[in-house]
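Reading through the structure tokens given below for one structure.
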Amino acid sequence: MSSPITTISNIGKHEGQTVTIQGWLYNLRESGKLLFPQFRDGSGLIQGVVPKNTGAPEVFDAIKGLTQESSVIVEGKVRADKRAPGGYELDVSGVQVVQRVSENEPYPISPKEHGVEFLMEHRHLWVRSQRQASILRVRAEIIKAARDFLDERGFTLTDPPILTPAACEGTSTLFPVNYFEEQAYLTQSGQLYIEATAMALGKVYSFGPTFRAEKSKTRRHLTEFWMVEPEVAYANLDDLMDLAEGLLSFVVKRCLERRHSDLQIIGRDVTKLEKVEAPFPRITYDEAAKMLQEAHANGALENKFEWGCDLGSPDETYISSQFDKPVMVHRYPARVKAFYMEPDPQRPDLALCVDVLAPEGYGEIIGGSQRMASYNLLVQRIHEHGLPEEAFKWYLDLRKFGSVPHGGFGMGIERVVAWICGLEHVRETIPFPRMLNRLYP
Ligand code: 4AD
Ligand code: MG
């Protein structure tokens, strides 16, 4: 085929011209003397038209009866058509079948409905569906937007290790690794390491996979997930809340600008996302606890919330449903939070921390805090949390050599993808999800 190769997403630039597309047969509708093959190439979907009589007969014969997901290189003339989903159709004039899917073993994911377990078992093929491809494009956009936001504001990307000698977020969700006969763990968060690089570079962030041996089966938990973690020297809790709201509104706006058609394919109500603009509501944990207790009193919440507990999923869902923007809940009781959080000088039983809860019941998407400055208190907390002081010697050094107030947060990519795309479960937010009962494919 001699015509220029293009992608379906760029096809509008070639109206009236003959082009070549390299892709797969997504679907085929046959209507007597007309074939309507739908082709996909990873960038989009386009419908072709192949008439039996006027067109080349060998093209008609090659496409007639062609099996779903057979790989094809097609040539055709681009024609604008208002009724077509992408605005264009292809009058197919040539086709080369690269690999024909056998009739004896057809592509397992047919356009009919399949159960989630079946689809998860075929995740390596499921990602080809239009909706899943759109979700992955939104995911890529979210990651790019977060990185652009931080890069443009003077942050330096510093990559923490994935193999680590100690816990960061509690010992109950550690994945052990045998490291040449030494005990190591997959990282739960890059935070402790980027606290070190923040003291070297001022404003830093990490972006990478993190691991939690979560034994719970919920729609919000993966065992392997990706986090963007900014860490800032000389930042206080208010600075962190400003940064979090700036980051989230930037990411949402970027997706609305650049991924509108994907959000449409996914079926997202974008009017909800259009409301996500700074400033976000900020409430204290005390205020949140009061809201939850009142909700219980007038029957809106089943369980009575006890001050001093961490917020459960139904609690987060309730609070976030009271606002149409992400809500920032700050100053939780220190005892339900991680060992490294700075106490509130006004009330040392509280931590200078913040959780950002996404609207529409999506729950926590960001967690962060100011970090503990005092060497002695940090040693005490390490012991209280049953952590080995030996493994934290280097971390404690940071409080000996030019310690400054500082802090940061982690934004879970999959939680943000689930919220922005309006998905019920995080399993569709990452190409190959890892969960309690899923390690295949
Ligand atoms: O609140 P977390 O546990 O905070 C930290 O790890 C801090 N060290 C981050 C920091 O301050 N640099 O996790 C941060 C975010 C959560 O808000 C959530 O979005 C996501 O990571 N997250 C998970 N996402 C999917 N599956 C899980 N099991 C998750 N656990 C946390
Ligand atoms: Mg958290």
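Every number for a ligand or one of its atoms is a count from 1 in the order of the listing.
With sequence neighbours excluded, the residues forming a side chain to side chain donor-acceptor pair (under 3.5 Å) with Glu428 are Gln132, listed by chain and number. Residues passing the side chain to side chain donor-acceptor pair (under 3.5 Å) test with Thr317 are Arg220, sequence neighbours excluded.
A donor-acceptor contact closer than 3.5 angstrom links the side chains of Gln188 and Thr173. No hydrogens or angles considered: nothing links the side chains of Asp355 and Tyr285 as a donor-acceptor pair under 3.5 Å. For the 3.5 Å distance criterion, the side chains of Tyr340 and Glu169 qualify, holding a donor opposite an acceptor.
For the pair Gln293 (side chain) and Lys304 (backbone), a donor-acceptor distance under 3.5 Å is absent. A donor-acceptor pair is defined here as one N or O able to donate and one able to accept, closer than 3.5 Å; no such pair exists between the side chain of Glu245 and the backbone of Pro279.
At a threshold of 4.0 Å, the pair Arg282-Asp242 counts as salt-bridged, since one of the basic side-chain nitrogens sits closer than that to a carboxylate oxygen.
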Test log, rule ring pair (Phe, Tyr, Trp, His ring centres under 6.0 Å), inputs Tyr193 and Trp394: CA-CA 10 Å; Tyr193 291 94; Trp394 68 270; 4.5 Å; yes

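Distances shorter than 2.8 Å separate the Mg ion (ligand 2) from the protein N/O/S atoms Glu364 OE2.
Within 4.0 Å of ligand 1, counting heavy atoms only, the contacting residues are Glu169, Ser189, Gln191, Arg212, Glu214, Arg220, His221, Leu222, Phe225, Met227, Glu229, Tyr340, Glu364, Ile365, Ile366, Gly367, Gly368, Arg371, Gly408, Phe409, Gly410, Gly412, Arg415.
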